[in-house]
Amino acid sequence: MLPLMENFYTIQGEGFHAGMPSYFVRLGGCDVGCYWCDVKESWNASLHPLTNTDEIIKRAIDCPSRAVVVTGGEPLQYNLDHLCKRLNNNNILTFLETSGSYPLSGTWNWICLSPKQQQPPLSEIFSIANELKVIIYSADDFTWAETNAAKVSERCHLFLQPEWSRRNEMMPLMVDYVMQHPRWNISLQIHKYMRIP
Ligand code: SF4
């Protein structure tokens, strides 16, 4: 059983797989407490119905997409071994979006690590993250981005993404930064421009 906040078919809007049709599974529950969080209604897990994991899997299998994004909240608050195993057995790719602040469970085709300063990632996740996505709310966040980039593997893709409400202020700084530090790429929340969930 998992506290399911919502599940829906949409286009991935962020990071490496932006533009890919994907089935989203958003689990409730997060204690990281980002003040700019755009899904604060996910924080309290008790507000979201405990749903049989097999029912979630069935919905994903019925979706035309062969990719499932598990997000939150902080999905690693729960053991995701069964969810991933059955999705993989049905030839569905499993993509995780996590702050990395809880122990890893599940088998993942792609891990997007989005570290948060107030509750940093556990060390175990850095070497296996496929993608590092750092939210830029202020100029100080470039230092936080480099602190985390120093811990991931060479093959990890690096993204800076403006916090939505600060995108106009941060974008010029980000463009300059990425051009000076071309190991980084810019991620935009294109689903918000497309006005889709
Ligand atoms: Fe929101 Fe994600 Fe931060 Fe949790 S980790 S508070 S869900 S942005």
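For clarity, every value in this text was computed on a predicted model and none was experimentally measured. Remember, it's 1-based here, ligands and their atoms both numbered in the order they're listed. All values below were derived from every heavy atom in this structure, side-chain atoms included, with hydrogens, water molecules and symmetry-related copies excluded.
Looking at R59 and E55, a side-chain N of the basic residue comes within less than 4.0 Å of a carboxylate O on the acidic one, giving a salt bridge. K58 and D62 are joined by a salt bridge, as a carboxylate oxygen and a charged side-chain nitrogen come within less than 4.0 angstrom of each other.
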- Dump the intermediate steps for side-chain contact (heavy atoms from CB on, under 4.5 Å) on C37 and W43, then the final yes or no. CA-CA 10 Å; C37 178; W43 291 5; 3.4 Å; yes
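Taking backbone and side-chain atoms together, C30 has an N/O/S atom less than 2.8 Å away from atom 4 (Fe) of ligand 1.
Scanning all protein heavy atoms for the shortest distance to atom 3 (Fe) of ligand 1 gives C34 SG, 2.3 Å. In this structure, atom 1 (Fe) of ligand 1 lies nearest to the protein heavy atom C37 SG, 2.3 Å. Of the protein's heavy atoms, K116 NZ, 4.2 Å lies nearest to atom 2 (Fe) of ligand 1. Looking only at protein heavy atoms, the nearest one to atom 7 (S) of ligand 1 is G73 N, 3.5 Å.
Taking the six-membered ring for Trp and the full ring otherwise, the centers of W184 and F142 sit at least 6.0 Å from each other.
Interface of G33 with ligand 1, defined as ligand atoms under 4.0 Å from a residue heavy atom, comprises 6 (S). Each of the atoms 1 (Fe), 6 (S) of ligand 1 lies under 4.0 Å from some heavy atom of W43.
Within the model, atoms OH of Y9 and OG of S65 stand 5.0 Å from one another, a figure rounded to the nearest 0.5 Å.
At a cut-off of 3.5 Å, with distance as the only test, no side-chain donor of S99 or Q119 sits close to an acceptor on the other residue.
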